[in-house]
Each structure stands twice: as structure tokens, then as C-alpha cells.
Amino acid sequence: MKGTDSSHEGTSFTRRDFIKSVGIGGGLVLFGQFGVNAAAWALSGDPVLKMVLVDYTKCTGCRTCETACSARNRPVSINGRDLPGLGNPRFANIRVHSFNPDVDVPNVCAMCADTPCVNTCPVKPDPKTGRRALYRDQATHAITNDPGRCLGCRSCAKACAAQRRGVITPNPTTGKPERMCTLCGGDPQCVKRCPFGALSYVEVRRDRKFYGLGPEKIAAELAKGWYGTAEFGGMK
Amino acid sequence: MMSGKPGYHGVILNIDLSTGKSEKVAIPPEDLARFVGGQGLGMKILWDRLKKPGVNPLSPENPLIFMPGPFSGLPVPSSSRTCVVTKSPITSPVESDYPHASTVSYSNMGGFFGPEIRFAGYDGLVITGKASELSYVVIDDDKVEIREGKRFKGMRTDAFDKVFLDALGDRRFKTVYIGPAGEKLVPYSSILHTAGRAAGRGGMGCIMGSKNLKAIAVKGSGQPGVADHKRFLAALEKARSALFGSAYAKSWAEQGTARAIVANSNAGTEAVRNYREGTFLEADKIGGDAARRDVWVKDIACYCCPLACKKSGTTKGKYGGIVHDGPEYETGVMLGSNLLISDMPGLLKAITTLDDLGLDQISTGNVIGFLMEAYEKGLIDRSFLDGIDLKWGSVDATLAMIEKIAAKDGVGALAAEGVRALSWHIGKGSEKFAIQVKGLELAAHNIQANQPRGLSYVTASRGACHMSGDNIAMQNRRAMLDSTGMCFFPTFEPALEEPMLSLLSAITGHEYDKAEFEKTGERIFNLEKLFNYREGFRRADDRLPDRFFEDAFTIGPKKGSVLDREQFDAMLTQYYKDRGWDSETTKPGKAKLQELGLDSI
């Protein structure tokens, strides 16, 4: 069973999309998007990883998750003590993409086992830790950047956008990657604060149909089912 | 730029479309304390900008003001609202020294626009002047651009929403815009947001159209600070606990306001057959249960709202298509019960078309109801209606009429002026069933069996307004609530009251208890009254159409109900006295103005 989960629910992806987006050979196409990732998982040593999973039928687009994420991950210091910030959504690591017709797609790090973002980092692995500038923290499992070693080359963001969800955003000034989910030390605030129960914190393998897809593709797929349309606003 | 006043940026963005110049203008700190934001601060800005009565609402001078409040941009539950304020293009007094006399106007919408204004670094936008050609404004933090938008001329709002967002190239932009009706200056045209939310009432789209302004896009990266961070966090926790996962919130998510389509019909308080009845025998066909079963696929929330009262879905058949929102109570009743339309897809086609054209659902439904009655009574014939067979319950005739109004084509040009203008033109006693106050059409709450709502309609500052409040305390409270940026709907939950006041105090550093909250609202309501009084509005303008005193309901649980004129007048007299206003002229008294600090204004 491990690494060959084929219980995907039929994405509309073409073979070429798969090869282009995942870069792994043709035989794996049969597994679908998640199957490909599951295989990549196996090749990556089958780590047990957890992620923030979205139930798109329950998301209402209220963006409370953005504010909860930002409050936690952008704390403010008051009298030398870190307190949750005011939740400016611009600094959230989860972002709800809203479209016309109404489809809301929260976009958050997919916790890819094969880490295309890390693989593309041009900084030489540290001989002691084996880490590039971008690495997966072994304790938290979060993709983490070492700003001291990071060149600001943006290749991680490009890899994420081209191959997965496009979550990683380069800082406009320094080019260094931002918006990687921290999982809030194992208690993701977005999950905790969602008023509609649309988010859950589960093992990555439970994400099937939409695993690793960008918000536009997910929105298009959902709109077909909900509204019978492929005509969209906000796709750019 | 910091005002030094916590909870605010301390600046509004002033955009003059005539000169093409924009600038940040500091807000006097005492205005922030006394008028708060939203409707209140918008009114103060309107008062300051229009120093004399009688300014033509369609002139470049009349400001179009977009106001978030102190909650906006912070993660306070349901703090999604934007209040649009201007001088009304619809209302007028019975008598006045000024040919362009009209009331203040305000319209309040949900969504994401108000919070985004605050993210961009402003406590409000004030648009004045008139662009030389159809234009749009793009605000990206400090960067403000006025761009030529002729290619968007005549575009309907759903198509425009999509094309505009793609043209901006970043879906973080939050946008508002008008449809063809606003461009044509239909007095009751609306401003749309996210294709399915509207600042619908009071002629906002008309004012925007008069400025040659098709759209505004805003995007920002900042946030205002708060006075007491720890208190804010603690109160936020309480506010969330009061609503998140509550039965109250779930009930809103289930049916939104559409629940009231059946409930109010059963209570005899619904606008049916041009307000002739209070009960619609087919209400269940267009109500929340039917919509949940046959139409809705998704619940949609505004910024940080745990209620999710907005619904989208699809319909099939002749009138089939995508529905961005609805039926809600107001849209479902004004285009449904009030016109005796019980065909759900047909009703939703009418609702969708009105949003697409940028017309106020309430005024348009009211106008068509009036015309149906006049047609039925033989006061107008089919040629008057340009051949439209405008019978009760006819979806096709309603859709044809809607298009005519938006285009000001033929009979539509007259109908676009509203129900009062129509009745003046038709005469023959039709004023009796022209359902308006001060020129603004009544909403979907009928009043033969609901006298307090009648008080709301006649004393509201923008003309017939169902949201103003049924008594003085409610009016003051609403005026204040609409100044904070929070939505009205969650505030029926009693457990929210204390955290809401605590949040407002923590943000602004000004201590609000229930009394201070209502006192501030009273100040705002009185400022609106001062404006209207200066324009020439008097007691004779606070008047309901005769129907409500003469035509008792013939069906339903409130059969036989009708308002008593003497009783209603006595209630009004008492209202003015309790307000501290002169009961003959309605002029606010000196003592009251002194008490509210409005005597030197």
C-alpha cells in the first residue's frame, strides 16, 4: 500500500501536465496527482508528515484563517514578551484565493515530501547538517529558510509555483522566501480558528484530489462541479 | 502618517477627479472621538464639505465617501462593512427654498472593501469632482492612479468584475463598481462589490456615475494599531467564543436572511402585492427551505464573519444560470412576494439581472409593484408601458421592465425617477399606493400590522429605511453600529455585546459602555437631522402613503390590520418630544444640541 495510493478521485489533469508539473516518468501518471506524490514520498524515505487540509465545500472565504496565522507567526513584543499580533492578513502563510463565480481556495504549504523548493536551492549543503539555505526542519517538519545563507535567488518560489501550489513568496526587497507554513509548533492556528470547520490538521496522505495543485486549478475544478462553468474572473 | 489616535490611521484619502489630484488629509482627532468612523464620520465629512444647503447632488461638489470603521482591518468578527455616504439624488422635501434640496444618504455593504481601505493606510476615501471621461481609480497603498476606462463603458457588473480583476492582474485588489444603470444616472442605481454584494440603497451608483467613475480598486499591506493590545486580544477571544460554532451563527449560515421570507409572511409583516397585503400564500416556493433544496451550493462569508449569510448557486430551465446571491429577504420579497412572483428561477433571474445592471433591488421591485397595480387598475394602459403586459406575477414582463429602467428607455425613463415621480405623472389618486417616504421607496417590511417599523420609515434620515430602527434607542444604536465597521446581523447575539464594547474601547482608547455607545449614535443621528432640516425637511415630509391607513389586509394572520392615523401621529409627536426636537417643525432643540456638543457646529 505504501507509496502507491491510487484512491484519487479523478483530477482532470493531462499526462503532459503531470510530467511537466512533477517531473517524474510516465508510468506514474496512472496514480494521478496524489499517486505521483505518493511515489515521490516513497522515494523520499516515506516520512510521516502532517499538513493543513482544506475542505473546500466548507470554506466560506471569510479569511479568519489568514488573521489567525498572521497573529501567531507575526507576534508583537510588549514589555519584552511576545504576544500574538493583530493578524494583518498580508503576512499570513495561508491565503484564501477568491474567484468569480464564488469559489474560495485557501492556499497553504502542501508539505511535499520530495521538497522541490529545497531541491532547487543553489546553496551548497552544509557539511555538518546537510542543510541548504532552505531546508526541512527535522523537529517541526516545516520548510525553513536560513536568511544568513540565503542568496535571495527566488528559485525556491519558482519551483513551488511551477510544480506545486505557488505558496512560497519572495520578499519583494530581499528575494528571500516567505509564507512557508510553520504548523505553529504542531497546533496550527488556522485550523483552530476556522469558524466553519473547513480546515483540519492531518497526515498528508489524506489529501487526495487536489494535492499540491495551485488555487486556480482547484477553483476551476470546483466551479465545474458547483456552477457548471469554466468561465472565470480573478484567474490572473 | 500617524494621528496619534490609536485605532486609526488618522487620514482620509481625498481624490479630486476634476483635477486628477489625490492627497492624504488629516482627520481632526476630535472628529474621530465624536463621530467614530463609517456612517458617523462620513456624515461629518459630508457636513464639512457641503457648507450650504441645496447643493445639486449630481454636481462635482457632492462628495462620494467610502467609510470603514475602527473595527475594519482588524480580525474582529463580522467587521466587514463599508458605509457609503453622500447627498441623496433621490429624496426631496414637500417644500424648500432650494431646488436641489435632498437628504443625506448612506448605504452599507459587506465584503472586503472597507478592511482593504484600512490595509492601504486610510480611514476613508472621499471622491469629489468629475472625470472628463469614464475612469477608474487604483489605490495600492500610497500609490494612487486615476486611469481612463472608456473600454468598460456600458459593461454589466458580473462581466466587469471578471475583466477588471484580470486587467489589474492581482486578485488581492478589492473592487467596487457601477453597472450601466449607474452610468445612465438612474437615481436608484447601486454600487456593486464581488458581483453579488451592493451598496444598493439611496442612489450611490448614480452619484458615482455622475463623477464618470466606473470603478475603484484598493489593495494595501498595512494595518492600524490599537490602544491596548492585551485587552484587545482578550476581548477578541470573548467575541469569537460568543459566535464561533454557536447555534445563532449556524442558523445564519443555514438560510441567511431568506429565512424571513416565510417567517414574515406568516407574521403578516411582508410586502406583498405592492404592500396591499402582509402575507404571501406562495412564500414557501421562494423561501429559504426551497432555495437550500434547489439552488444554493455554497455559503459565503464577508471578512472575518462566522455567520456566512450569503449564498450562491445555480438554477435550471428558461431562466437558468449562476446566482451570486439570493434569494435574501429583501431581494426575494421585493421581486417575489411584492410582485406575486413565485417562480424561483424567474425570481433569481430578476435578482441577478438587477445586480448585473447595477440597480437597487428594493426601489426597483417597489417601482414595478406600483406599475403592476396601476396597470391592473386601468390607470395606465399597455401603450404607456411600451407594450409590456405588466401583470402580477409575470417574470418576463418584470425582466423587460428592469432592462427599460436601467437603459432609461421609453417608460423606463419615467420609472427610473422612482415611484413618487411616477405617481405625480399618472395622477388619478395613484399617490395613495406610491409606497415611498421623501421620495425613497419602502423596503420589504410591510407595516399595516407593524406600526414601529412605520416610525423607522418616516423618521429615517435617508427616506424610507427599514434599517434605521423602530424607536429612538434602536436608531441611536444602529447609527453607532454602522459607524464601527461591524455588521448588524451578529449583534442580536447578546453574548457579543460586552466583548464588542470592550473591543471598541481597546482599539480606540476611548471607553465605551452601552450609554456612551448610544450617546455617540444619538450625536450622529442628530447631525443627519441637522443636515436634512437645513435642506428644508419638516414634519410634513415624515409622512406615510395613505394605503397604510386605508387598505386593511384581506388575508393572513393579520387580516383586518391597518394603521390608525391619529395613533400614528400621536406616536410621532411623542417621538419628536423624546428626541428633544420641536414637534411642529422637527427642528432639533438647543438643549439637545448642547447636550450632544452639536450646538456650535
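Each chain gets a letter, A, B and so on, in the order the sequences are listed, and its residues count up from 1. Note that the structure is predicted; figures quoted are calculated from it, not measured.
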Residues of residues 320-327 of chain B contacting chain A, heavy-atom criterion under 4.5 Å, by residue number: B:Ile322, B:His324
Close contacts, residues 72-85 of chain A versus chain B, judged by heavy atoms under 4.5 Å: A:Val76, A:Ile78, A:Arg81, A:Leu83, A:Pro84, A:Gly85
Spatial distance of atom CG (B:Leu503) from atom OG (B:Ser79) [nearest 0.5 Å]: 9.0 Å
Interatomic distance, A:Ile218 atom CD1 to A:Asp104 atom CG [nearest 0.5 angstrom]: 12.5 Å
A:Leu222 side, atom CG; A:Phe210 side, atom CZ - distance, nearest 0.5 Å: 4.5 Å
Greatest number of heavy atom pairs closer than 4.5 Å to chain A - which of B:Phe164, B:Tyr303, B:Phe173: B:Tyr303
Atom group of A:Phe232 that falls short of 4.5 Å from chain B, counting heavy atoms: backbone
Donor-acceptor contact present, side-chain B:Ser246 to main-chain B:Leu243, <3.5 Å: yes
Heavy-atom contacts under 4.5 Å, residues 141-158 of chain A to chain B: none
Residue B:Pro224 versus chain A: region with a heavy atom under 4.5 Å: backbone
Any side-chain heavy-atom pair of B:Arg81 and B:Phe71 under 4.5 Å: no
Part of B:Cys304 within contact of chain A (heavy atom distance under 4.5 Å): both
Nearest heavy atoms of A:Ala159 and A:Pro116, plus distance in Å: CB-O, 3.8 Å
Chain A contact via B:Lys174 - side chain, backbone, both or neither, heavy atoms under 4.5 Å: side chain
Side-chain donor/acceptor of B:Thr352 to backbone N/O of B:Lys349, under 3.5 Å: no
Step-by-step side-chain contact (heavy atoms from CB on, under 4.5 Å) determination, B:Phe119 to A:Arg90: CA-CA 9 Å; B:Phe119 297 146; A:Arg90 181 56 74 93; over 6 Å; no
Main-chain N/O of B:His9 paired with B:Asp123 side-chain donor or acceptor, under 3.5 Å: yes
Centroid-centroid under 6.0 Å between B:Phe492 and B:Tyr248 rings: no
Where B:Ala242 and B:Glu493 come nearest, the two heavy atoms and their spacing: O-CG, 3.9 Å
Chain B contact via A:Arg95 - side chain, backbone, both or neither, heavy atoms under 4.5 Å: side chain
Donor-acceptor contact below 3.5 Å, side chain B:Ser251 vs main chain B:Ala247: no
Closest-packed option against chain A by number of heavy-atom pairs under 4.5 Å, given B:Arg240, B:Lys310, B:Lys162: B:Lys162
Minimal non-hydrogen separation, A:Asn93 against A:Thr182, with atom names: ND2-CG2, 4.0 Å
Partner chain B: residue of A:Pro101, A:Cys194, A:Ser98 with the largest heavy-atom pair count (under 4.5 Å): A:Pro101
Over all atoms of both residues, closest heavy-atom pair of B:Ile507 and B:Pro70: CG2-O, 3.8 Å
Lys/Arg N to Asp/Glu carboxylate O, B:Arg292 vs B:Asp299, below 4.0 Å: yes
Separation between OG1 of A:Thr229 and NZ of A:Lys224, rounded to the nearest 0.5 Å: 10.5 Å
Parallel, tilted or perpendicular, as decided by the 30° and 60° cut-offs, for the rings of B:His229 and B:Phe232: tilted
Toward chain B, the part of A:Tyr227 with a non-hydrogen atom under 4.5 Å: both
Nearest heavy atoms of A:Asn88 and B:Gly222, plus distance in Å: ND2-O, 3.4 Å
Minimum heavy-atom distance between A:Arg165 and A:Leu213, given as atom pair plus value: CG-O, 3.0 Å
B:Lys238, NZ atom: more than 12 neighbouring heavy atoms under 6.0 Å: no
Note: B:Asp141-B:Lys219 ion pair, threshold 4.0 Å (strictly below): no
Heavy-atom check, side chain of A:Met111 versus side chain of A:Arg136, under 4.5 Å: yes
A:Arg164/A:Asp114 salt bridge by N-O under 4.0 Å criterion: yes
Proximity breakdown for B:Leu236 and chain A, heavy-atom pairs closer than 4.5 Å: neither
Top of B:Thr194, B:Val297, B:Val163 for chain A proximity - count of heavy-atom pairs under 4.5 angstrom: B:Val297
Residue-level contacts of residues 51-71 of chain A with chain B, using a heavy-atom cutoff under 4.5 Å: A:Cys59, A:Thr60, A:Gly61, A:Cys62, A:Arg63, A:Thr64, A:Thr67
Chain A contact via B:Ile300 - which portion, at a heavy-atom distance below 4.5 Å: both
Which of B:Pro77, B:Ala195, B:Gly220, B:Ser80 touches chain A most, by non-hydrogen pairs under 4.5 Å: B:Gly220
